[in-house]
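Values below: all heavy atoms of this structure, side chains included; hydrogens, waters and symmetry mates excluded.
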Amino acid sequence: MFVLELTYTAPFDRVEAVLEQHVTWVEQHFAAGHFLVAGVKQPRDGGIVIASVDDRATAEKITQEDPFVVAGVCEYRITEFIATKTTADLASYREQPPT
């Protein structure tokens, strides 16, 4: 599991100019099963995505394809974590910590 934290690096009017393409990109990754949760940060200076992908290289590739990154209006911080506890709805994502 990965937390993909994006932070805007450009004025919001430049972010807004590619927002529609970004939303389409997010929807594609939900449909592919890569994203579990996504939303905007408050204050609105970026967003957060919880992703379930095979490895960090895949997470990095996905973020580099974000229209926000392509347009140069955001950067990502990627944090890998092991989901040892979840709600019942997310039980299939639970993992055992390494020993």
Side-chain angles (χ1 to χ4, degrees):
M1 300 282 282
F2 295 85
V3 175
L4 311 178
E5 180 180 6
L6 68 97
T7 301
Y8 301 141
T9 58
F12 193 70
D13 61 321
R14 287 194 45 218
V15 172
E16 250 182 340
V18 289
L19 184 58
E20 187 175 324
Q21 296 97 321
H22 170 78
V23 169
T24 298
W25 170 84
V26 168
E27 290 171 352
Q28 290 169 344
H29 285 285
F30 269 105
H34 300 150
F35 293 173
L36 303 176
V37 177
V40 297
K41 294 190 298 188
Q42 292 299 323
R44 192 166 182 185
D45 62 358
I48 301 286
V49 175
I50 305 297
S52 178
V53 295
D54 293 335
D55 52 40
R56 185 178 189 88
T58 302
E60 289 173 355
K61 180 180 184 304
I62 286 170
T63 60
Q64 291 307 304
E65 295 170 348
D66 181 345
F68 281 172
V69 172
V70 174
V73 300
C74 91
E75 57 186 30
Y76 274 90
R77 178 175 155 206
I78 300 173
T79 304
E80 185 172 5
F81 74 101
I82 298 169
T84 58
K85 296 198 182 284
T86 67
T87 64
D89 291 343
L90 297 174
S92 65
Y93 295 98
R94 289 181 197 153
E95 299 177 85
Q96 294 298 314
T99 55

Note: Leu4 and Ala59 closest approach over all heavy atoms is CD2-CB, 4.3 Å
When rounded to the nearest 0.5 Å, the distance separating CD1 of Ile78 from CZ of Arg56 is 5.0 Å
Residues pairing under salt bridge (charged side-chain N to carboxylate O under 4.0 Å, His left out) where one sits in residues 61-70, two or more places apart or in two chains, turn out to be Lys61-Glu65
So the ring-ring contact (aromatic ring centres under 6.0 Å, His included) pairs with at least one residue in residues 79-99 (sequence neighbours excluded) are none
Of all heavy-atom pairs linking Gly72 and Ala10, the shortest is O-CB, 4.4 Å
Arg14 meets the side-chain hydrogen bond (donor to acceptor under 3.5 Å, both in side chains) criterion, sequence neighbours left out, with none
When rounded to the nearest 0.5 Å, the distance separating CD1 of Ile50 from OG1 of Thr79 is 9.5 Å
Value for CD (Gln42) from CD1 (Ile48), rounded to nearest 0.5 Å, stands at 11.5 Å
- Query: Does Leu90 share a hydrophobic cluster with Val49, counting links as ILVMFWY side-chain heavy atoms below 4.5 Å and allowing steps through other members?
  - Reply: no
Between the CD atom in Glu60 and the OH atom in Tyr76, the distance rounded to the nearest 0.5 Å is 13.0 Å
Are Leu19 and Val73 connected in the hydrophobic side-chain network, where two residues link if heavy atoms are under 4.5 Å apart? yes
d(Thr86 OG1, Met1 CE) to nearest 0.5 Å is 8.5 Å
Problem - side chain to side chain contact (heavy atoms under 4.5 Å, CB included) evaluation trace for Phe2 with Thr58 - result: CA-CA 10 Å; Phe2 295 85; Thr58 302; over 6 Å; no
Take Val69 and Cys74 through the test side chain to side chain contact (heavy atoms under 4.5 Å, CB included) and record every step on the way to the result.
-> CA-CA 5 Å; Val69 172; Cys74 91; 3.9 Å; yes
Close side-chain approach of Pro98 to Ile82, heavy-atom, < 4.5 Å: yes
Sequence neighbours excluded, the answer for side chain to side chain contact (heavy atoms under 4.5 Å, CB included) partners of Val70 is none
In short, salt bridge (charged side-chain N to carboxylate O under 4.0 Å, His left out) pairs touching residues 67-94 with sequence neighbours left out are Glu5-Arg77
Let me check something: do Val18 and Phe12 share a hydrophobic cluster, defined by ILVMFWY side-chain heavy atoms less than 4.5 Å apart, either directly or through other members? yes
Residues at least two apart in sequence or cross-chain that pass ring pair (Phe, Tyr, Trp, His ring centres under 6.0 Å) with His22, listed by chain then number, are Trp25, Phe68
*Between Val3 and Val37, is there a shared hydrophobic cluster once you connect ILVMFWY residues whose side-chain heavy atoms come closer than 4.5 Å?*
yes
